[in-house]
**Q** 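This is the structure, below, for whatever I ask next.
Chain identifiers are assigned alphabetically (A, B, ...) following the order of the sequence lines, protein sequences preceding nucleic acid strands; residue numbering begins at 1 within each chain.
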Amino acid sequence: MKFDARKFKELAEKDFEKAWLSGKELLKRENPNLIYPRLGYVYGEEHPVFKTIEMLRKAYVSMGFKEVVNPIIVEDVHVKKQFGKEALAVLDRCFYLASLPKPNVGISADRVAKIKELIGKDFDEESLRSVFHLYKKGKIDGDDLSYEIARVLGVDDLVAIRILDEVFPEFRDLKPESSRLTLRSHMTTGWFITLSELADKLPLPIKLFSVDRCFRKEQGEDATRLYSYFSASCVVVNEDVTVDDGKAVAEALLKQFGFEKFKFRLDEKRSKYYVPSTQTEVYAFHPKLVGSKTKYSDGWVEIATFGVYSPTALAEYDIDYPVMNLGLGVERLAMILFGYEDIRKLVYPQFYGEVRVSDLEIARAIKVKEVPTTEVGYEIAKKIVEVAVKNADAKSPCSFLAFKGKLFGKEVEVFVEETEEDSNLCGPAFANEIVVYNGSVYGVPRTEEFKKIFEEGVECGIRYIDAFAFLAAKKIEEMTFKGEKSSSVRVRNVEGLSSINLQIQDNVRRYIVWKGGKIDVRGPMFVKVRAKSE
RNA sequence: GCUGGGGUUGCCGAGUGGUAAGGCGACAGCCUGCUAAGCUGUUGGGCUUUGCCCGCGUGGGUUCAAAUCCCACCCCCAGCGCCA
């Protein structure tokens, strides 16, 4: 609550102790839905893949590498130049880009008649013909076609779309036609193109890196492969680079991610764009992997590959210095760093059942449905709880005055009572607490039996009686406001959140059901609140 | 790319030619006294609402009638192959 600083200053001068104590009043927040954990300051979250990319970029920069963006879309001739005879096998893994052709559209007498029928008037055939002609020439974009047709015919856009659909079926039946353009399947494809521009201009050594997307037409996506992945790749160009530069770069890069020891193994399946006997696999030891359930439980993982580009491939691009290239799969590294075993779950958690709502988030979604609107209303709710807790075990029939005072200018009395014979004021579950544990919502008493739930779960800080008292107070406010003389609210067996004046967001409820959790808020409560006003 | 299994309502899940079973969840009513679900009913969407139309991955087709049969396609799962 905003406060008057001047008044406080005066009060503090007069009586500091009193002023200090009254500070407590200012911090009072009574609406239960504005109390933690219902109150929460939420924060966003990075995707682990992009988090890893961020780390890799910083790591490369710290090693003196300069970032570049390599071409993503490349003509297939580049692959042929780089791989020579091997190219066919590589292109087999590449996506070729296709696009829809622009059809030749003839406007026959039939079609003219059909259009006239659809628009209900004459039109200038020549202008329509010219629109299609300009479209074919690429002067009018596909986006604008229906707009242009609508314009020359003097009709609505929607009519134009209908004409396209009904009179010119060739648009509907267009089939994509492939081009010679491919999506790069690894970063090397782009490095050659970039280096052909830079290798003869920049001062040596040239150290460049790029962490970016590559594409592979795999036969299917599985736990280890996706159609699209990120490659973290770098090149070092110098008069005398060798595989030892690869080893040094690998070590310097990977040490920044917690890898401790390294082994280098010559890769048998040599790519034609590397100098023979330079393609090397990097095996690295990460203490986090030791004892893990992965196949890397000894801590060693093959994490990167490097090699020295072959002069035969470099010559195709007029590059006349040796080039060391090192690359690693970002998702692979992210799987190690974040403990994933299935790349799909790492990259697309939303499609692989990896959506998670924490217990805290569930607790946050449980709110008190009805709350009082006045300060006196909150006071009444507080007193109801106090009296109920204090006299819960009183033998019935019994009645306890909880509140007596003015509400909306009228004298109001509130009782917590039990009129039935031979029972207690409150049922045994009246003070059960709402706790979220392991994706389920429970209403349980604070006893030894449920200790684990309280300790490991998230407490909502609401007892049955608390939530109920807010409802009772709200009803008493309504009664008084409307000028009614009496009212009573009671709850018997609790059978769900709504019977004790609580509600949960529908989305969260569906999440709980989907995950197989339950909302188990039940128990014999048997509390009655009666009020009368003058 | 091959083989096999799948895609059904908020969720799970049955349904091999006759108009979407059952369960969960939700809603309503009933019942209530020591707590881990008692009973009954309702529960896809739309509309011009005594009725009509649309709903079982998508688009076609066969049929008096299609979730079901046929054709094509998309996607998911398991395995095999491929993986510079």
**Q** Can you tell whether the side chains of A:E316 and A:K80 come within less than 4.0 Å, N to carboxylate O?
**A** no
**Q** Look at all strands and tell whether A:L497 reaches a base, only sugar-phosphate, or nothing, counting heavy atoms closer than 4.0 Å.
**A** nothing
**Q** Heavy atoms under 4.0 Å, any strand shown: does A:C94 hit a base, just sugar-phosphate, or nothing?
**A** nothing
**Q** Applying the Watson-Crick and G-U wobble criteria at under 3.5 Å, what pairs with B:rC52? Answer none if nothing qualifies.
**A** B:rG46
**Q** Taking the C1' atom of each, how far is B:rA21 from B:rC2, in whole Å?
**A** 37 Å
**Q** Of the options B:rA84, B:rC11, B:rG33, whose atoms approach the side-chain atoms of A:N424 most closely?
**A** B:rG33
**Q** Return the pairing partner of B:rC2 with a 3.5 Å limit on both distances, Watson-Crick or G-U wobble; otherwise return none.
**A** B:rG79
**Q** What donor-acceptor contacts under 3.5 angstrom involve side-chain atoms of residues 448-456 of chain A, with partners at least two apart or in another chain?
**A**
unit_1 : atom_1 : unit_2 : atom_2 : d
A:E456 : OE1    : A:Y437 : OH     : 3.4

**Q** Within the 4.0 Å heavy-atom criterion, would you say A:I512 contacts the bases, only the backbone, or no part of the nucleic acid?
**A** nothing
**Q** What interatomic distance, in whole Å, is found between P of B:rU9 and the corresponding atom of B:rG4?
**A** 26 Å
**Q** Under a 3.5 Å cut-off for both distances, is B:rC39 Watson-Crick or wobble paired, and to whom?
**A** B:rG29
**Q** Between A:Y511 (OH) and B:rC24 (P), how many Å, whole number?
**A** 22 Å
**Q** Could you check A:T189 against A:S423 and say which one's nearest nucleotide on RNA chain B is further toward the 5' end?
**A** A:S423
**Q** Please pick, from B:rU35, B:rC11, B:rA84, the nucleotide with the shortest atom-to-atom distance to any side-chain atom of A:N432.
**A** B:rU35
**Q** With sugar-phosphate meaning primed atoms plus P, OP1 and OP2, does A:Q503 contact a base, only sugar-phosphate, or nothing at under 4.0 Å between heavy atoms?
**A** nothing
**Q** Walk me through whether A:E75 and A:K81 qualify under salt bridge (Lys or Arg N to Asp or Glu O under 4.0 Å).
**A** CA-CA 11 Å; A:E75 284 180 76; A:K81 277 159 92 173; over 6 Å; no
**Q** Angle between ring planes, A:F209 versus A:F65, binned at 30° and 60°: parallel, tilted or perpendicular?
**A** perpendicular
**Q** According to a strict under-4.0 Å criterion, is A:R344 in side-chain N/O contact with OP1 or OP2 of B:rC77?
**A** yes
**Q** Looking only at atom P, what distance separates B:rG55 and B:rG61, rounded to whole Å?
**A** 13 Å
**Q** State whether A:R509 places a side-chain N or O below 4.0 Å from either non-bridging phosphate oxygen (OP1 or OP2) of B:rA26.
**A** yes
**Q** Starting from P on B:rA84, measure out to CD on A:Q279 and report it in whole angstrom.
**A** 9 Å
**Q** Given atom OH of A:Y227 and atom P of B:rC76, what is their separation to the nearest angstrom?
**A** 7 Å
**Q** Just call it for A:R492: base, sugar-phosphate, or nothing, with non-hydrogen atoms closer than 4.0 Å on any strand.
**A** base
**Q** Among the candidates B:rC11, B:rG33, B:rU35, find the nucleotide nearest to the side-chain atoms of A:F526.
**A** B:rG33
**Q** Rounding to the closest angstrom, what is the interatomic distance between B:rA67 and B:rG60 at atom P?
**A** 15 Å
**Q** On a whole-Å scale, what distance lies between the C1' atoms belonging to B:rG57 and B:rG7?
**A** 6 Å
**Q** Closest nucleotide of RNA chain B for A:L91 versus for A:E420: which of these residues is on the 5' side?
**A** A:E420
**Q** Can you tell which of B:rC30, B:rA84, B:rG10 lies closest to the side chain of A:Y273?
**A** B:rA84
**Q** Relative to the ring of A:Y274, is the ring of A:Y309 parallel (under 30°), tilted (30 to 60°) or perpendicular (over 60°)?
**A** parallel
**Q** Can you tell me the base-pairing partner of B:rA67? Count Watson-Crick or G-U wobble geometry only, both distances below 3.5 Å, and say none if there is no partner.
**A** none
**Q** Looking at B:rU35, B:rA84, B:rC24, which one has an atom nearest to any side-chain atom of A:A429?
**A** B:rU35
**Q** Both conditions, 6.0 Å and 45 degrees, for the charged tip of A:K247 above the ring of A:F262: are they met here?
**A** no
**Q** How would you label the contact of A:F450 with the nucleic acid (heavy atoms, under 4.0 Å): base, sugar-phosphate, or nothing?
**A** base
**Q** Scan A:D506 against the nucleic acid and name what it touches under 4.0 Å (heavy atoms): base, sugar-phosphate only, or nothing.
**A** nothing
**Q** Taking the side chain of A:E495 as heavy atoms from C-beta outward, which of B:rC82, B:rC11, B:rG38 is closest to it?
**A** B:rG38
**Q** Taking donor-acceptor contacts at under 3.5 Å, does the side chain of A:N493 reach the base of B:rU35?
**A** no
**Q** Apply the test side-chain hydrogen bond (donor to acceptor under 3.5 Å, both in side chains) to residues A:S196 and A:D318: give CA-CA distance (whole Å), side-chain angles for both, the deciding distance (0.1 Å), then the verdict.
**A** CA-CA 6 Å; A:S196 72; A:D318 297 323; over 6 Å; no
**Q** Select one nucleotide: of B:rC31, B:rA84, B:rG10, the one nearest the side-chain heavy atoms of A:F83.
**A** B:rA84
**Q** Nearest whole Å is fine: how far is B:rC34 C1' from A:E449 CD?
**A** 12 Å
**Q** Please determine, for the side chain of A:H186, which listed nucleotide (B:rU35, B:rC11, B:rA84) has the closest atom?
**A** B:rA84
**Q** Rounding to an integer number of Å, can you tell me how far A:R184 CZ sits from B:rA84 P?
**A** 19 Å
**Q** Is there a donor-acceptor pair closer than 3.5 Å between any side-chain N or O of A:D359 and the backbone N or O of A:N438?
**A** yes
**Q** When the C1' atoms of B:rC47 and B:rA66 are considered, how many whole Å apart are they?
**A** 25 Å
**Q** Nearest whole angstrom, please: distance from the P of B:rC12 to the CH2 of A:W514.
**A** 9 Å
**Q** Determine the Euclidean distance between corresponding P atoms of B:rA20 and B:rU42; express it in Å to zero decimal places.
**A** 15 Å
**Q** Rounded to whole angstroms, how far apart are CE on A:M525 and P on B:rC31?
**A** 20 Å
**Q** Whom does B:rC24 pair with, Watson-Crick or G-U wobble, provided both distances fall under 3.5 Å?
**A** B:rG10
**Q** If I take atom NZ in residue A:K217 and atom P in nucleotide B:rC82, what distance separates them, rounded to the nearest angstrom?
**A** 17 Å
**Q** Taking the inter-plane angle between the rings of A:Y317 and A:H78 on a 0 to 90° scale, is it parallel (under 30°), tilted (30 to 60°) or perpendicular (over 60°)?
**A** parallel
**Q** Can you find a donor-acceptor N/O pair under 3.5 angstrom joining the side chain of A:S185 to the base of B:rA84?
**A** yes
**Q** How far, in whole Å, is B:rG18 from B:rG1 if one measures between their C1' atoms?
**A** 41 Å
